[in-house]
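Everything below concerns the one structure shown next.
The figures that follow rest on heavy atoms only: side chains count, while hydrogens, waters and symmetry mates do not. Every chain is numbered from 1 and lettered A, B, ... according to where its sequence line falls, protein lines coming before strand lines.
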Protein chains: 2
Amino acid sequence: MNAESLLQQAQLVCQQKGARFTKVREQVFLLLANHHGAVGAYDLLAELKELEAAAKPATIYRALDFLSKQGFVHKIESINAFIMCHHFGECNHPVQLLICDQCGHVEEIQSNNFDLALRTMAETNGFTISHQIVEAHGSCKNCTNV
Amino acid sequence: MNAESLLQQAQLVCQQKGARFTKVREQVFLLLANHHGAVGAYDLLAELKELEAAAKPATIYRALDFLSKQGFVHKIESINAFIMCHHFGECNHPVQLLICDQCGHVEEIQSNNFDLALRTMAETNGFTISHQIVEAHGSCKNCTNV
DNA sequence: TGTCTTTTTGCTATTATATAACAATAAATT
DNA sequence: AATTTATTGTTATATAATAGCAAAAAGACA
């Protein structure tokens with residue numbers, strides 16, 4: 001899915017929800033959409049500065065915060081980076097990430113079974129999950145076969 | 001399990017592996033063992049400074065690095081904190097953490113099934129896992145019933 | 001034991017990541 | 001138009017983690 005059509009989809013979602021998809025937010029969205037892998041907030045800031053010289057850390061973090069809340073973007077906790085979600089229109093299931101430590105590629109998968117397994121296991125412990133982080137590091141298909 | 005017996009167990013493991021369980025490392029180990037929940041590196045540093053006034057960030061991070069490598073301690077990526085592992089003697093399976101956002105309690109569980117499920121799912125995508133991070137946030141038994 | 005090598009520590013500085021606080025502006029509401 | 005609410009600009013600061021290099025300690029070995 002290319003950046004433009006992702007943007008259109010996001011605009012639609014925002015319209016439906018009454019969320020304000022402002023200029024900065026769109027700019028950051030597009031920067032992320034044009035990245036193949038994950039990006040750090042400060043790398044993103046450097047890119048944004050080419051469009052908006054006055055951008056500051058808060059600018060980026062606020063935009064990322066908004067985009068995360070809409071489900072357009074995921075934060076990868078184990079590497080402090082952010083990545084565009086390519087399925088935000090379809091559903092809002094928790095996500096599992098496969099992070100290749102060789103090439104940096106991040107694959108996003110969504111398994112309802114897996115989600116359920118974790119949720120059930122938590123409930124056995126009397127625990128109610130509000131948000132789950134599943135990040136597997138290792139070697140992707142390409143990098144394993146090299 | 002109390003701090004002293006955990007320490008003894010850790011000493012044994014180090015002896016067997018030929019790892020050097022130095023003074024600083026033991027001090028940090030004990031500080032962690034006496035904590036009920038997770039602790040940030042700088043909080044830990046503040047505590048360590050009461051014993052070793054000259055301690056610096058690197059002191060703590062090196063100790064934590066060592067303790068993690070031995071499997072004595074887990075880093076919680078989503079809150080940048082560290083927690084003593086109470087099962088390091090038994091096995092070295094990947095771990096799932098239940099983190100209560102109300103009271104800060106962290107429950108460590110080890111499900112082989114879960115590990116296997118994730119591993120299998122990854123393999124379906126041609127991905128080989130070397131390290132996995134599973135952190136569920138939510139509300140623990142006590143906090144849910146309040 | 002004395003020498004060499006490796007590991008660990010001490011220390012200073014710096015890098016990286018993220019948020020607080022408050023005024024200014026823009027948009028939505030009435 | 002006036003008021004309220006959400007967003008942005010700006011400065012400063014908090015929080016987390018590592019780099020680099022010299023000194024010291026421990027282990028290896030003739």
Without swapping roles, check the side chain of S139(A) against the backbone of T128(B) for a donor-acceptor pair under 3.5 Å.
no
Would you say the side chain of Y61(A) and the base of dA20(C) hold a donor-acceptor pair, judged only by whether the two atoms sit under 3.5 Å apart?
no
Over how many whole Å does the gap from [X] atom [atom1] to [N] atom [atom2] extend?
X: Q70(B); N: dT7(C); atom1: CD; atom2: P; answer: 14 Å
X: F82(B); N: dT15(D); atom1: CZ; atom2: C1'; answer: 13 Å
X: Q27(A); N: dT7(D); atom1: CD; atom2: C1'; answer: 14 Å
X: L44(A); N: dA18(C); atom1: CG; atom2: P; answer: 12 Å
X: F21(A); N: dA27(C); atom1: CZ; atom2: P; answer: 16 Å
X: I79(A); N: dA18(C); atom1: CD1; atom2: P; answer: 11 Å
X: K75(B); N: dT15(D); atom1: NZ; atom2: C1'; answer: 12 Å
X: I60(B); N: dA17(D); atom1: CD1; atom2: P; answer: 12 Å

dT17(C) base stacked by Y42(A)? Criteria: ring centres under 5.5 Å, plane angle under 30°.
yes
Does dT9(C) have OP1 or OP2 under 4.0 Å away from a side-chain N or O of K56(B)?
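Negative; the distance criterion is not met.
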Between dT15(D) and N80(B), is there an OP1 or OP2 to side-chain N/O distance shorter than 4.0 Å?
no
Take atom NZ of K17(A) as the centre, draw a 6.0 Å sphere, and report whether it contains more than 12 heavy atoms from other residues, nucleotides or ligands.
yes
Just to be sure I understand the rule, does K23(B) reach a base, reach only the sugar-phosphate, or reach nothing, if contact means heavy atoms closer than 4.0 Å?
nothing
Between G40(A) and V24(B), name the one whose nearest nucleotide on DNA chain C is closer to the 5' end.
V24(B)
Residue mapping more 5' on DNA chain C - nearest nucleotide basis, T22(B) or A41(A)
T22(B)
Nearest to the side chain of [X] - [options]?
X: R20(B); options: dA17(D), dG27(D), dA18(C); result: dG27(D)
X: R25(A); options: dT18(D), dG10(C), dT7(D); result: dT7(D)
X: R62(A); options: dA21(C), dC11(C), dA26(D); result: dA21(C)
X: A58(B); options: dG27(D), dA19(D), dT9(C); result: dA19(D)

Once the angle between the rings of F72(B) and F66(B) is folded into 0 to 90°, is it parallel (under 30°), tilted (30 to 60°) or perpendicular (over 60°)?
perpendicular
For F127(B) and C140(A), the nearest pair of non-hydrogen atoms, with its separation, is CD1-CA, 3.6 Å
What is the distance from atom CD of E107(A) to atom CG of N125(B), rounded to the nearest 0.5 Å?
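Rounded to the nearest 0.5 Å, the CD-CG separation comes to 5.5 Å.
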